[in-house]
Amino acid sequence: MTTVIFIHGTGVRPPHTEALNAKVTASLAEAAPGVRVVPLDWGERYGARLAAGGASIPPDGAGATERDVAGEEDAETAAWERLYEDPEAELALVAAHGPAGAIPPGAALPDEEFRDRLARLAARGESAAPELGPGLGARAADLARSPLLTPAAEALDPEDLAPLLARALAAAVIGAALAEDAPVITDGPTRDAAVDRIARELGATGSGSTRGPVGRLIGRPVLRLGSRYAVRRRRALTGAAHPAAGDVLKFLVRGGPLRTALRELAAAVEPPVVLLGHSLGGIIALDTLIEAPLPGVRLLVTVGSQAPFLYETGALPHLDHPEPLPAHVPGWLNLHDRRDLLGFAAAPVFPGRAEDIATDNRQPFPAAHSAYWSDPAVYRAIAERLP
């Protein structure tokens, strides 16, 4: 009789452990009658916990100013968060409102002067605001060609449009740096001073920061999804997230006792043995196998696991890239859902040693990371390869 040792993933604790084990056991028994499932419930004993009761987490509201408490600073931060993702978001918002009034016959189109100013700004390169980082000239040239500029210019007074365009330019430069993981990002006051300066280059006479009404409008829809919600509920959010993140970190740094527990369990059950690991469970199974042979283990199955990614990045404890997988590691089946951002392919980094199967449980991330255990295709794939 084949014994499957099921190794759960990050953050799983009672009572959820029992429900997960029951689901996997019943579904695998249906796909492969006669198989015996033995869970390794490691979370409670070997998983991460906040030993000092979360003393390292700053208290909610620490360092908040009066404007923070009133929500004004948070609204501005949320607006910038949105603009870094889509620098033309404000432009699209005002463009959708339509023209503020009719344009007199023979009058110049409202956007013409702004396109000229943006072109002149583009010709200067980064010199108008070097503190933002590289790319201002190119972003100004792109904005001068934006189809949103015409309807936005028709909808807004020039005094309001100039700071809006300045914010779009600053957001485009900083957003590009964030996308490239640039090491230095300007702070808020320096950014706002640069926006003011760019806005004056574009014809404004007043402030060009997000403290204007349009900046606040775009911030409101994303407040609960962005920095304000996260910062104000940091203690609760960290408390909820720490088991998952902490489990990974603890295993990578102090995984010896957990590897020993798996090794002892594998030696105690009836062979042939299959190790079935989900998420971090797959890392635990693979790393334990790499460390030393596990007699009786005939198959490794990883589901939604980051083990291949850790190997490629040099973070797998007992195997450094490009060292090959030891010969004693048995056959390896790796399943990953195409929408699971925490599931990785093994065959490209372990050619000839791992078999990948891409699944589709039709759930968005992060639900896709857990929905494997309701997908019959997962159990069929495992059942077909059991020794």
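Numbering of residues begins at 1 and proceeds along the displayed sequence.
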Side-chain donor-acceptor pair present, Thr150, Arg115, cut-off under 3.5 Å: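 Short answer, yes.
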
Side chain to side chain donor-acceptor pair (under 3.5 Å) partners of Tyr379, counting only residues at least two apart: none

Partners passing side chain to side chain donor-acceptor pair (under 3.5 Å) against Arg145 (at least two apart in sequence or in another chain): Asp142

Test: [X] and [Y] ion pair at under 4.0 Å:
X: Arg385; Y: Glu355; value: yes
X: Glu113; Y: Arg117; value: yes
X: Glu90; Y: Arg82; value: no
X: Arg13; Y: Asp247; value: yes

Residue pairs involving residues 112-159 (criterion ring-ring contact (aromatic ring centres under 6.0 Å, His included); sequence neighbours excluded): none

Sequence neighbours excluded, every pair satisfying ring-ring contact (aromatic ring centres under 6.0 Å, His included) that has a member inside residues 253-274: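 Passing the test, one end in residues 253-274: no pairs.
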
Please set out all donor-acceptor pairs under 3.5 angstrom arising from side-chain atoms of residues 286-294, sequence neighbours excluded.
{"unit_1": "Asp287", "atom_1": "OD1", "unit_2": "His318", "atom_2": "N", "d": "3.0"}
{"unit_1": "Asp287", "atom_1": "OD1", "unit_2": "His318", "atom_2": "ND1", "d": "3.2"}
{"unit_1": "Asp287", "atom_1": "OD2", "unit_2": "Arg259", "atom_2": "NH1", "d": "3.0"}
{"unit_1": "Asp287", "atom_1": "OD2", "unit_2": "His318", "atom_2": "ND1", "d": "3.0"}
{"unit_1": "Thr288", "atom_1": "OG1", "unit_2": "Ile284", "atom_2": "O", "d": "2.7"}
{"unit_1": "Glu291", "atom_1": "OE1", "unit_2": "Arg259", "atom_2": "NE", "d": "3.4"}
{"unit_1": "Glu291", "atom_1": "OE1", "unit_2": "Arg263", "atom_2": "NH2", "d": "3.4"}

Applying side chain to side chain contact (heavy atoms under 4.5 Å, CB included), can you list everything that pairs with [X], at least two apart in sequence or on another chain?
X: Val173; answer: Leu132, Leu136, Arg139
X: Thr25; answer: Val37
X: Thr190; answer: Glu131, Thr186, Asp187
X: Ala345; answer: His336, Pro348, Asp356

Set of salt bridge (charged side-chain N to carboxylate O under 4.0 Å, His left out) partners for Arg254, sequence neighbours left out: none

Residues forming a salt bridge (charged side-chain N to carboxylate O under 4.0 Å, His left out) with Asp116, sequence neighbours excluded: none

Side chain to side chain donor-acceptor pair (under 3.5 Å): pairs with one or both residues in residues 365-377, sequence neighbours excluded: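 Those involving residues 365-377 are Ser279-His369, Asp340-His369, Asp340-Tyr372.
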
Path from Phe309 to Leu342 over hydrophobic side-chain contacts below 4.5 Å: no

Ring centers of Tyr311, Phe350 separated by less than 6.0 Å: yes

Nearest non-hydrogen partners of Tyr46 and Ala261, listed with the distance: OH-CB, 3.5 Å

Residue of the set Leu28, Val301, Val269, Val38 for which side chain to side chain contact (heavy atoms under 4.5 Å, CB included) holds with Val4: Leu28

